[in-house]
Structure formats: C-alpha cells, structure tokens
**Q** 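Once you've had a glance at the structure underneath, I'll fire off some questions.
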Amino acid sequence: MKRLSALALTLFLLLPQVALASSATGAEEEKFNPEQDFDPGEWIPIHLGPLDLSINKTVAYLILGTIVTIALGLFLMRARIGPKNEVGRRQAVGEIVYDIAQTQVAEQGLPHKAIARWFPYVTSLMLFIWVINMLGFIPLPLSNEKFEIFGVELPTLAIYAATSSISVTLALALMTWIFTHIEGIRYNGARKYFRSWIPDVPKAILPLIVPLEILGQFMRLISLSVRLYANMLAGHMLILTFIGLIFVLESLAVAVVAVPAAAAFYVFEVVIVVSIQAFIFAALSAIYIGSAIEPGH
C-alpha cells in the first residue's frame, strides 16, 4: 500500500508537465488555469429537449466509483474465517468498516426500529462517497487533454473528484432529503409530521418562526451538498495551484516550496478529508432520517 501511494504521488506530481506539454499549440502554450481541470467536457452528447444527459468525465468517474464500491463491498464483507478461527486482514478491515457504519453512523442517528431498513443505505452512501473521493486523488487516464505517442492520441493522466461537482453532491443530498420526508410521513402521518416542524412558542411569533423552520428544512439540502462539494473542490484547487506555480513562474526554485506544500495538502486530503467527509455525509443523513421518524427526539 505504501509503494502504491508513493507511486500515485509521484505520478501526480508529474501531471502538470504532461498536461502543459499537451496543451501547446504551435509555438504558443495556453496559460495555466486550474479551473480547466474541473470542466467535465462532453464525450458522448445526449440531449433530450432541455435535459443534458451527456456522458462526460464526471459520469465516467461515477460509473467507475460504483463498480469499485460494489467490488470493495463484496471483497471486504465476504471474507472467510481462516483456519483455527483466525481473522485475516481482509476480514479485520471489513469488520472495522461495518463497526463504524453501525455504531458511529446508524445507531447514533437512527432510532432502533429504523436501523434494519436504513443501515444499508447510510453504509452504502458512506462507502460510495469514500471511494469517489479517493479516486479523485489517483491519477487516471480520464482527462479531456490528449497527447500523442507514435501518432496515437491518448488521454493524459489527471486527478479529478466527481464530488467536486455541485450537481453530484446535490443529487446525493437530494436522495437523503427526499427519503427523510418520505419516512417522516410514513411513520407519523402527514399532519403530525408537518406539525412537528412548528415549535412550541407563543402564537404571536409563529409568523416569524414557521417560515424559518421551513427554510431550515431546505437548508439541510444545501448544507449536505455544499459541504462535500466545497471541501473536495478546495483541496484539488490548492494542490493544482501550488504545482502550477512552477510552470506559471517558469522557475525551478519555486518547486522547493511548491512541491512539498502540494504533497502536504495531498496527504492531508487523502488521509483525513476523504474519510471525514464521507463519514459526515452519511452521519448527517442518518440523523436527518432519524429525526423525521421520531420528531420529538
């Protein structure tokens, strides 16, 4: 694992050189702009009226993330106990993931009667977001830039997180938001559930409080989506900006500061931010669904 991480980091630090070399047109190079790395492009155009369902870089990362999440879940959760009831590394990691999802996410946010129904959802959500975030820091040939080898055009290696797109995080948050209100109505009935939004306050201030409570329900949708989006976008922008300074200023002296700084942010994002953001999103989803099922708690 350490060798794989070192290789990924080395490849990542070489990316700007490849990307800038491939962007040269004639004798003039395009200016470095980190925002271009977050443009999903349009690989296979699919337009149904006003709907844009085109296959692009973001969709490719989501498909890859889905496949990896399923494979990882099967790999970890179908481990067999070794001879003499020995627990192998694979089973140990699977049990750790399961324990975190059960005790730190599901049981902390969901009432006991809802754990059986919603534990698979919050666990899958946590694992999927973790995989998508982690894939965003592995250099993959899924970029919009091309380079030629013996006349054959190939995509350059690049890093890109699908969760740095607000449309992706908003879709994930929208699922939780819809499930929250569906469960609230299913368990309590529509009348009792919507009345639970109104706090026990003097009637004189209800015209002020009720709109705020309704707005708070929609703010949950925004807070879930923007938190994940902003953290992943900011991390990638910082890393790309530090590395890009070497080429913008055209000075190797800048690399003495820029490369260690980019490496430090890279390690920080991979080791801490990736896992924390996946955990927070799943934990808040469990809390929101749980609070709708039992509004008084």
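These numbers were taken from a predicted model, which means no experiment stands behind them.
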**Q** Return yes if a side-chain donor-acceptor contact under 3.5 Å exists between Thr123 and Tyr98, otherwise no.
**A**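 Thr123 vs Tyr98: no donor-acceptor pair found between side chains.
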
**Q** With no hydrogens and no angle check, is any side-chain donor or acceptor of Trp177 less than 3.5 Å from a backbone partner on Gln217?
**A**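 It does hold such a pair.
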
**Q** Could you check Val248, Ile243, Leu249, Val259 and say which one makes a side chain to side chain contact (heavy atoms under 4.5 Å, CB included) with Val254?
**A**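 The single option meeting the side chain to side chain contact (heavy atoms under 4.5 Å, CB included) with Val254 is Leu249.
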
**Q** Please check if the number of heavy atoms outside His112 that lie under 6.0 Å from its NE2 is greater than 12.
**A**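 No, not enclosed.
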
**Q** Kindly indicate whether the side chain of Lys57, heavy atoms from C-beta on, has any atom under 4.5 Å from the side chain of Pro155.
**A**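 Of all side-chain heavy-atom pairs linking Pro155 with Lys57, none is under 4.5 Å.
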
**Q** Any side-chain donor paired with an acceptor under 3.5 Å for Ser54 and Asn56?
**A**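 No, because no side-chain N or O of Ser54 sits under 3.5 Å from a partner of the opposite role on Asn56.
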
**Q** Does the side chain to side chain contact (heavy atoms under 4.5 Å, CB included) test come out yes or no for Ile209 and Ile198, once each step is laid out?
**A** CA-CA 8 Å; Ile209 297 298; Ile198 304 173; over 6 Å; no

**Q** Got a sec: does the CH2 of Trp118 have more than 12 other heavy atoms crowding it under 6.0 Å?
**A**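 Enclosed.
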
**Q** Going by atom types only, do Thr176 and Tyr121 share a side-chain donor-acceptor pair under 3.5 Å?
**A**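 Short answer, yes.
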
**Q** State, yes or no, whether a side-chain contact exists between Met219 and Ile222 at a heavy-atom distance under 4.5 Å.
**A**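 In short, these two side chains touch, coming nearer than 4.5 Å.
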
**Q** Is the number of heavy atoms from other residues, nucleotides or ligands within 6.0 Å of CZ (Arg195) greater than 12?
**A**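 Counting other residues, nucleotides and ligands, CZ of Arg195 stays at 12 neighbours or fewer.
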
**Q** For Leu221 and Leu170, run side chain to side chain contact (heavy atoms under 4.5 Å, CB included): C-alpha distance rounded to whole Å, both residues' side-chain angles, the deciding distance at 0.1 Å, then the answer.
**A** CA-CA 8 Å; Leu221 179 63; Leu170 186 59; 4.2 Å; yes

**Q** Would you check if there is a donor-acceptor pair between the side chains of Gln108 and Gln104 at a distance under 3.5 Å?
**A**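 Absent: no donor and acceptor within the cut-off.
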
**Q** For Phe128, I'd like to know if atom CZ has over 12 heavy atoms of other residues, nucleotides or ligands within 6.0 Å.
**A**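 Atom CZ in Phe128 is packed in, count exceeds 12.
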
**Q** Among Trp197, Tyr288, Tyr187, Phe218, exactly one meets ring pair (Phe, Tyr, Trp, His ring centres under 6.0 Å) together with His181. Which residue is that?
**A**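 Of the listed options, the one satisfying the test is Trp197.
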
**Q** What pair of heavy atoms forms the shortest contact from Leu48 to Leu53, and how long is it?
**A**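 Nearest heavy atoms, Leu48 then Leu53: CD1-CD1, 3.5 Å.
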
**Q** Check each of Asn231, Asn133, Thr169 against Thr163 using the side-chain hydrogen bond (donor to acceptor under 3.5 Å, both in side chains) test, and report the only one that passes.
**A**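 Result: among Asn231, Asn133, Thr169, Asn133 is the only option passing the side-chain hydrogen bond (donor to acceptor under 3.5 Å, both in side chains) with Thr163.
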
**Q** With a cut-off of under 6.0 Å to the ring centre and 45° to the axis, is Arg227 in cation-pi contact with Phe281?
**A**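 Checked: cation-pi criterion not met.
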
**Q** Report yes if the side chains of His236 and Glu269 come closer than 4.5 Å at any heavy-atom pair, otherwise no.
**A**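 Side-chain contact under 4.5 Å: no.
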
